[in-house]
Amino acid sequence: MEQQDITNIVEAALFAAQQPLTLPMLAALFQDADEVSHEAISRALEGLTAGCAGHGIELVEVASGFRYQVREAVHPWVARLWSERQTKYSRALLETLALIAYRQPITRGEIEQVRGVGVSTSIIHTLEEREWVRIVGYRDVPGKPALFGTTRQFLDYFNLKSLDQLPTLAEIREIADPQLTLAADAAATPDAAEPSAPDAETTVTEPAVATPRTTEDPA
Amino acid sequence: MEQQDITNIVEAALFAAQQPLTLPMLAALFQDADEVSHEAISRALEGLTAGCAGHGIELVEVASGFRYQVREAVHPWVARLWSERQTKYSRALLETLALIAYRQPITRGEIEQVRGVGVSTSIIHTLEEREWVRIVGYRDVPGKPALFGTTRQFLDYFNLKSLDQLPTLAEIREIADPQLTLAADAAATPDAAEPSAPDAETTVTEPAVATPRTTEDPA
Amino acid sequence: MSTDTQSIEPVAPAPDLVPGHVAPQQAEIPLALVRGQPVLQIPQDLYIPPDALEVILEAFEGPLDLLLYLIRRQNLDILDIPVAEITRQYMDYIGTMHAMRLELAAEYLVMAAILAEIKSRLLLPRPPQEESIEEDPRAELVRRLQEYERFKKAAEDIDTLPRMERDTDTAQAFVPDRKIVKLPPPVDLREMLLALRDVLQRADLSGHHNVEREPLSVRQRMGEVLRRLGDGAFHRFESLFEPAEGRLGVVVTFLSLLELAKDSLIEIMQEAPLAAIYLKARATANAAD
């Protein structure tokens, strides 16, 4: 049998097997008539290992044999195949986020003062982990509390060019639940302003913008 | 993001996934900040497809998306990884499957009508267990019999992108002229056959079609 | 090819079907697998165990399949079946099955009745005036045979499609870390604003927080400036401005500096009139530790 054929069979077997394959296991795929030596299989493995250079996968030898595996470098993207969504954020978190956006730079104590209740550390952690808020400085008072502000990622997520595109506090106070008017919003999301819906300029069309990559969960 | 990185991520994801991946699923692996267009992913798929030339595996598109699979040419060797595996299906099962595929939605009674024999419950069970067919509705006649249709898994299993890719059905020929054919039937008398002979010559093409394929064990 | 003369010649006569003779077989196809061995032909002079014959019977998918076999074996045109002859062969087969005391599916007997009926109608003299109207008595059977045959063929075609497990398998690579990534939930801006409105209403009720109208870009810039001053060092006033932002950007930065000073978050220093102005955060991370 030609070396190229041996290499292709070894390659396909390694990809098809559910576990790592040892040299004897690979040799067992061939019959006497194929006249395949262990050296030829070793050569195949060497060739395949080299062939992975510059690819998203690699051929490695582990304790129980050879296997193809996903390279570490691309793992963060591949891992999204098994991602799952967490449950919705609490009202407390949304209030905290909104206050940071509108009153930044603001300390946790100041947020608590407006909300009238404490802000749990986990809420701040979640917002920091999501990279929507960060510490921008410290207030020069006893305890030197951290001052929080919003980030560029926060603006990007809500498709805003700047915070000015958020409605003013005065406007927010007047909004009624069903029809939240948001003049600046239309400017922020030109795509959302469908020609068929002229009132899109004045109504919130955010959901379509804010959740684009949440709709296709590969898991 | 560089095209090479995109290609490597797509490659690794296709190898890591348990089922075929669609273009939107692949696009969902990337974040906005990666700035990856659908075109870039398509280019990655094209590049990967071309890259399989001369290898033991290939990148194919089936109904549920793209997947890497073992090339037919090397599969006989690879199949030795699994000593006992059911890969043959009875004629009864295949005929039932064919009727569901070509005539869906179809009831069990309608299948039996065409086949001229009963369809055993175990065949329907096997087809449902393999997730090749499923109940798609019920016919509004006494007894409300279930209507069966094929699934995406059926197409995936048989390497098809859509039902259009199924082999075309043979045509039904009509008995042209009752008198001529009746005369031919009375074939006990050779004279009577004369007028119909040319007709028969041109239409008898069936045996050539019906026999050569049946090389496999019908059981 | 098939001609009528062939069809009446006893090329495949009934003795075929008598036990001890050659049993029905589909061209060169093995009739069945008995203990893994293909059965191509039944030994003529040997006793056939009943279960072997049963296997042969099972090689047919019902009466339509058996009829097709009888027709094809003699290269007959399906549109032109010699009903009398085919019926005789079919009956012989059924008879053999009976003789073997094998359980025969009811469908086979129904077909026998249909064949007998067609045969009798063909034998009846037809009134001349009705000749053109009356349908060929075989038409319905021929249609069913063709319909069955096309799906028999379709099943064979499907069987030849390259399929998983038999002809190919999916190619997969190991993923070292397969733990599930938790994606944060999506947030709707409107929801966040409604939350803020509620907070404001609560704050208004408690009465000690008055929220004025102000450009939010200034608030945003305040954070940005604070971060730049986060090292605790003095920064030149001019270095905080980005000329590329234009006049509006300069104004926003200036207003943010005033706000920061008013809020005692920064110190502004000038050693002498017209000298360089320096700014410094009043508190930094290091100082906080």
Side-chain angles (χ1 to χ4, degrees), chain A residues 12 15-16 57 67-70 72 75 78-80 82-89 91 94-95 97-99 101-105 113-116 130 135-140 144 146-147 149-150 157-158 162-164 166-170 172-173 175 177 180 182 204 206-207 210-211 214, chain C residues 168-204 206 208-209 211-217 219-220 222-227 229-230 260 263-266 281-285 287-289:
Chain A
F15 275 122
I57 48 160
R67 76 172 172 216
Y68 275 105
Q69 65 181 37
V70 169
E72 231 178 286
H75 183 263
V78 174
R80 292 181 66 101
W82 301 282
S83 54
E84 72 181 25
R85 277 217 178 270
Q86 285 166 2
T87 46
K88 276 179 73 175
Y89 285 140
R91 186 40 87 104
L94 293 175
E95 287 179 8
L97 177 62
L99 281 169
Y102 277 83
R103 303 297 303 160
Q104 59 190 292
Q113 219 182 331
V114 180
R115 288 193 59 230
R130 195 141 188 195
I135 294 173
V136 293
Y138 296 87
R139 196 177 279 290
D140 191 21
K144 300 255 189 281
L147 288 158
T150 53
Y157 184 87
F158 291 107
S162 82
L163 278 181
D164 278 346
L166 286 173
T168 64
L169 288 177
I172 287 173
R173 255 188 288 202
I175 53 175
D177 282 44
L180 172 54
L182 183 46
V204 172
E206 214 60 28
T211 52
T214 62
Chain C
T168 184
D169 270 282
T170 53
Q172 290 189 323
F174 182 78
V175 183
D177 180 10
R178 223 170 192 151
K179 73 162 188 272
I180 286 167
V181 176
K182 295 255 185 207
L183 285 186
V187 174
D188 180 1
L189 180 62
R190 177 191 150 83
E191 249 183 289
M192 186 185 76
L193 295 175
L194 286 172
L196 180 61
R197 188 198 57 177
D198 293 351
V199 178
L200 293 177
Q201 280 167 355
R202 287 208 309 273
D204 283 353
S206 61
H208 60 248
H209 210 279
V211 192
E212 71 285 12
R213 186 188 173 99
E214 63 186 4
L216 278 165
S217 53
R219 292 248 147 233
Q220 190 179 334
M222 284 164 74
E224 287 161 14
V225 170
L226 266 187
R227 268 180 72 81
L229 302 179
L260 286 168
D263 210 10
S264 8
L265 289 168
I266 56 168
R282 292 182 81 101
T284 60
D289 289 339

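All figures in this text were calculated on a predicted structure; none of them were measured in a lab. Just so it is clear: chains get the letters A, B, ... in the order the sequence lines come, proteins before strands, and each one is counted from 1.
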Trainee: Can you check side chain to side chain contact (heavy atoms under 4.5 Å, CB included) on C/E224 and A/V136, steps first, answer last?
Mentor: CA-CA 7 Å; C/E224 287 161 14; A/V136 293; over 6 Å; no
Trainee: How close do A/E95 and C/A195 get, heavy atom to heavy atom, and via which atoms?
Mentor: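 Where A/E95 meets C/A195 most closely, the heavy atoms are CG-O, 3.6 Å.
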Trainee: To the nearest 0.5 angstrom, please state how far the CG atom of C/D169 sits from the CZ atom of A/F15.
Mentor: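 If we round to the nearest 0.5 Å, C/D169:CG and A/F15:CZ are 13.5 Å apart.
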Trainee: Which atoms of C/L260 are under 4.5 Å from chain A, going by heavy atoms: the side chain, the backbone, both sets, or neither?
Mentor: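 Looking at C/L260, just its side chain touches chain A.
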Trainee: For the residue pair A/I135 and C/R227, what are the closest heavy atoms and their distance?
Mentor: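 Of all heavy-atom pairs spanning A/I135 and C/R227, the closest is O-NH1, 3.3 Å.
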Trainee: So, for A/R103 and C/R219, which heavy atoms are closest and what is the spacing to 0.1 Å?
Mentor: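 For A/R103 versus C/R219, the nearest heavy atoms are O-NH1, 3.4 Å.
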Trainee: Under 4.5 Å, counting heavy-atom pairs only, tell me which of A/S162, A/G116, A/P105, A/A12 racks up the most with chain C.
Mentor: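 Highest number of heavy-atom pairs under 4.5 Å: A/P105.
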Trainee: Check the pair A/R139, C/D263 against side chain to side chain contact (heavy atoms under 4.5 Å, CB included), reporting the backbone distance first and the verdict last.
Mentor: CA-CA 9 Å; A/R139 196 177 279 290; C/D263 210 10; 3.1 Å; yes
Trainee: Once you round to the nearest 0.5 Å, how far does CD of C/Q220 lie from CD of A/Q104?
Mentor: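 Going from CD on C/Q220 over to CD on A/Q104, the span is 6.5 Å.
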Trainee: Side chain, backbone, both or neither: which part of A/R67 has a non-hydrogen atom closer than 4.5 Å to chain C?
Mentor: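 Side chain of A/R67 only, per the 4.5 Å heavy-atom cut-off to chain C.
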Trainee: Please classify the contact between A/L99 and chain C as side chain, backbone, both or neither, with a heavy-atom cut-off of under 4.5 Å.
Mentor: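 Contact with chain C involves both backbone and side-chain atoms of A/L99.
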Trainee: Could you have a look at A/A16, A/A98, A/G149 and say which one has the most heavy-atom pairs with chain C under 4.5 angstrom?
Mentor: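 That would be A/A98.
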Trainee: About how many Å separate CG of C/L193 and OH of A/Y102, when rounded to the nearest 0.5 Å?
Mentor: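 If we round to the nearest 0.5 Å, A/Y102:OH and C/L193:CG are 5.0 Å apart.
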Trainee: Distance check, rounded to the nearest 0.5 Å: C/L189 atom CG versus A/L97 atom CG?
Mentor: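 Going from the CG atom of C/L189 to the CG atom of A/L97 covers 9.5 Å.
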Trainee: Can you find a heavy atom in the side chain of A/R130 that is under 4.5 Å from one in the side chain of C/V187?
Mentor: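 Yes, their side chains come closer than 4.5 Å.
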Trainee: Run the side chain to side chain contact (heavy atoms under 4.5 Å, CB included) test on C/L194 and A/L94 for me, step by step, so that the C-alpha distance in whole Å, both residues' side-chain angles and the decisive distance to 0.1 Å come before the verdict.
Mentor: CA-CA 9 Å; C/L194 286 172; A/L94 293 175; over 6 Å; no
Trainee: Would you compute the distance between atom CD of C/E191 and atom CZ of A/R91 and round it to the nearest 0.5 angstrom?
Mentor: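 Spacing of CD (C/E191) from CZ (A/R91) equals 7.5 Å.
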